[in-house]
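Only this structure's heavy atoms are used, side chains among them; waters, hydrogens and symmetry mates stay out. Starting from 1, each residue takes its place in the sequence as its number.
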Amino acid sequence: MDNIINMNNLLFYVHFSRENQLNPHIIYQLEKLKTVFSEVFFISNSPLTSDDKRLLEDKKLFTYFLQRDHVDNDFSAWADGMREIGFENLKKYDSVTLMNDSSFGPIFNFHSLFKEMNSKEGDFWGLTNMRAQELELSENQEKVLLPDYIQTHFISFKKKVILSTAFEKFWSNVQPLTEPKEVLMNYEARLTTYFKELGFKASLVFDTRKESLKEMTAEDFSRFNLSANLEHGVPFLKVEAFAIGALNSTLPTTIEYIKQVTSYPTHLIVDYMTWFDYPDRPYMLNDKMIQVGGVKKYENDVKIGIHLHVFYKDLLKHFVNLFDQYVGSYDLYITTDTDESKSIIENALIGKVNVKSVLVIGKVGRDVLPWMKIHKQLSKYDIAGHFHTKKSQENLWIVGESWRTDIEKQLIEPAKQIFEEFQTNPHVGLVIPDVPAYYQSNFGPLLTDEEKLWNHMADLWTSTDFVSDKGLRKQDSYVMSFGTMVWYRPDALDNLLSLEIGEKIPQEPLPNNSILHAFERLLVYVAWGNNYDFRIAHSVSYNGFWGNSSPSLALRQLLRDGEDLTNLIVKDETLKV
């Protein structure tokens with residue numbers, strides 16, 4: 001393959017980020033575009049940090065750069081870039097392409113596609129089109145008929161158009177409009193018609209006019225039909241499509257297809273959508289798994305603190321032996337329920353210098369309240385672990401035994417591999433185990449209890465001070481650590497663990513919809529609210545969260561109590577801080 005297509009191609013690339021960040025999928029995109037475009041004019045509609053600017057420079061990802069002090073629209077940004085280069089100078093290029101950063105990709109071989117489209121008949125081309133439709137500009141105005149037009153997140157002009165006076169005339173008259181409907185009416189929808197009426201011919205990678213609208217909620221194929229875009233070889237997939245279709249049952253399959261058929265790194269989609277949308281979407285979960293049991297490259301140069309709550313004292317030495325064997329160097333903080341238990345524990349661990357304290361907390365709050373009481377001491381560590389002597393009194397012995405064994409094999413035995421994940425990915429703040437094997441093939445929480453837990457979850461969420469304004473969504477089930485055992489960065493959970501909830505905890509036996517159960521379900525989302533992602537330690541052949549993540553499959557995972565289950569699926573509601 002030629003390093004750069006044997007043409008003189010210019011790309012105007014518009015970037016915008018509300019968080020003023022240059023995300024990794026943008027870097028990947030620009031690196032791939034370098035093989036097609038001889039020159040790139042990078043235009044940022046939001047401030048870039050000096051580090052991000054330097055990264056673009058070091059990787060030679062732009063030829064020209066423009067930092068704009070105001071945000072209006074892509075058309076105004078493209079026009080500013082053209083004015084800066086000069087319309088006479090634009091005539092030296094074989095093609096001028098306009099693009100923004102609103103898509104992931106290229107998913108397919110863009111180098112080949114660009115050559116193919118430039119060799120076809122036509123004077124300008126795009127990826128997808130919007131069909132002719134009526135648009136209501138406001139409540140008091142009549143509907144306006146919009147013509148069929150090329151969607152302008154990507155549009156490319158060939159030499160014939162660039163040399164025309166019409167090209168300069170159109171872009172010279174572009175104004176910095178801020179109202180999206182005005183931009184649509186005056187520029188995006190008008191552009192295609194403007195050039196076609198002057199005799200220029202347009203072509204498309206995917207002409208949606210030939211497609212059925214069956215099962216589509218809107219006519220915009222770029223945002224409402226990802227599979228059709230893949231079917232027709234569209235190389236750039238809209239970011240919004242992954243948010244709009246986040247709960248669509250086909251989206252996990254779409255991600256899997258991209259993995260199998262292309263070389264595009266899907267973790268770039270998952271990592272970005274975690275912050276742009278929500279952290280636990282079904283299509284994300286495979287990319288958030290750590291396949292534990294691999295080669296451990298980790299060198300223990302971080303401080304590890306572990307909290308172990310000991311209720312069942314016969315499991316004390318078992319857990320301590322596991323920590324000694326698999327964790328490496330660590331400090332241990334033990335909590336228990338009575339003075340008698342404390343005495344037994346201290347006698348059993350005589351001589352172990354890494355045991356920093358044994359505290360009596362009482363019999364309220366199971367392992368959660370003791371964890372909250374010991375949190376301040378764990379906050380000085382790089383990575384902390386929370387564990388307890390797990391048994392299941394409400395179920396058969398084998399249920400609790402297999403549950404605890406799963407957690408040991410997913411969190412403790414591969415501890416060094418998990419620590420390596422923390423070290424190599426600073427955005428990861430929490431690692432949880434996969435759904436216990438018993439619950440993957442049998443029953444999990446009651447749908448009715450999940451509904452009742454929402455008030456507790458909302459109360460805890462709104463009581464917690466967050467560094468971001470992210471909202472908690474009410475769902476039919478939640479990605480959580482069954483058993484509440486985790487590895488975490490103390491900062492990721494500090495605001496939750498610092499709450500005072502002792503008075504809200506009922507006496508034993510606990511109902512299945514207690515505040516402790518709500519706490520268990522919040523860990524992933526609180527970490528996310530604190531700008532940390534999570535990972536699932538995965539040691540079996542499939543991921544149990546797939547079943548708990550979509551209503552259709554959740555029915556196989558959650559207890560059925562004879563009620564009409566269709567009435568138990570809660571709506572997607574978001575609770576803001």
Discussion item. Looking only at the side chains, is there a donor atom on one of Gln175 and Asp72 sitting less than 3.5 Å from an acceptor on the other?
Written reply: no
Worksheet item: How about Tyr13 and Phe37: are their ring centroids closer than 6.0 Å?
Response: no
Worksheet item: Taking the side chain from Arg489 and the backbone from Val428, do they hold a donor-acceptor pair closer than 3.5 Å?
Response: yes
Fill in: Side-chain heavy atoms of Leu146 within contact of Glu134, under 4.5 Å
no
Worksheet item: Regarding Tyr525 and Asp280, is there a side-chain donor-to-acceptor distance under 3.5 Å anywhere?
Response: yes
Worksheet item: Judged by modelled atom types alone, do Lys259 and Asn286 share a side-chain donor-acceptor pair under 3.5 Å?
Response: no
Worksheet entry | Parallel, tilted or perpendicular, as decided by the 30° and 60° cut-offs, for the rings of Phe75 and Trp171 | parallel
Practice prompt. Could you tell me whether the side chains of Glu182 and Tyr187 share a donor-acceptor contact shorter than 3.5 Å?
Written response: no
Worksheet item: Side chains of Ile290 and Ile536: does their closest heavy-atom pair fall under 4.5 Å?
Response: no
Worksheet, complete the sentence: Rounded to the nearest 0.5 angstrom, the CG-NE2 distance for Leu237 and His153 is 9.0 Å
Discussion item. Ring pair (Phe, Tyr, Trp, His ring centres under 6.0 Å), that's the test. Do Tyr264 and Phe108 meet it? Break it down for me.
Written reply: CA-CA 8 Å; Tyr264 187 81; Phe108 301 109; over 10 Å; no
Worksheet item: With distance as the sole criterion, is a donor-acceptor pair present between the side chains of Asn129 and Asp148 under 3.5 Å?
Response: yes
Practice prompt. Look at the side chain of Asn173 and the backbone N and O of Lys169, then say whether any donor-acceptor pair between them is shorter than 3.5 Å.
Written response: yes
Discussion item. Once ring pair (Phe, Tyr, Trp, His ring centres under 6.0 Å) is applied, what residue pairs with a partner in residues 43-69 remain, sequence neighbours excluded?
Written reply: Phe41-Tyr64, Phe42-Phe65, Phe62-Phe65
Worksheet entry | Partners passing side-chain contact (heavy atoms from CB on, under 4.5 Å) against Leu198 (at least two apart in sequence or in another chain) | Ala166, Tyr194, Phe200
Practice prompt. Determine whether the side chains of Glu450 and Ser477 contain a donor N or O and an acceptor N or O closer than 3.5 Å.
Written response: no
Distance-only donor-acceptor pairs under 3.5 Å for side chains of residues 97-105, two or more places apart:
unit_1	atom_1	unit_2	atom_2	d
Thr97	OG1	Ser156	OG	2.8
Asn100	OD1	Ser102	N	3.1
Asn100	OD1	Ser102	OG	2.6
Asn100	ND2	Asp74	OD2	2.7
Asp101	OD2	His15	ND1	2.8
Asp101	OD2	Phe16	N	3.1
Ser102	OG	Lys238	NZ	2.8

Worksheet item: Side-chain donor-acceptor pair under 3.5 Å between Asp51 and Thr49, yes or no?
Response: no
Discussion item. Test your reading of the model: is there a side-chain donor-acceptor pair from Asp494 to the backbone of Pro490, 3.5 Å cut-off?
Written reply: no
Worksheet item: Mind checking whether Val205 and Thr128 have side chains closer than 4.5 Å, heavy atoms only?
Response: no
Worksheet item: Considering residues, nucleotides and ligands other than Lys91, do more than 12 of their heavy atoms fall under 6.0 Å from its NZ?
Response: yes
Item to complete: Please test Phe157 against Phe195 for ring pair (Phe, Tyr, Trp, His ring centres under 6.0 Å), starting from the C-alpha separation and ending with a verdict.
Response: CA-CA 10 Å; Phe157 298 95; Phe195 286 106; 5.5 Å; yes
Worksheet item: Does a side-chain heavy-atom distance below 4.5 Å link Trp125 with Leu204?
Response: no
Worksheet entry | Side chains of Ser38 and Asn9, donor plus acceptor under 3.5 Å | no
Worksheet item: How about Thr274 and Arg281: does a side-chain donor come under 3.5 Å of a side-chain acceptor?
Response: no
Worksheet item: Under 3.5 Å, side chain of Lys201 to main-chain N/O of Lys196, donor-acceptor pair present?
Response: no
Worksheet entry | Other residues, nucleotides, ligands: >12 heavy atoms within 6.0 Å of Lys59 NZ | no
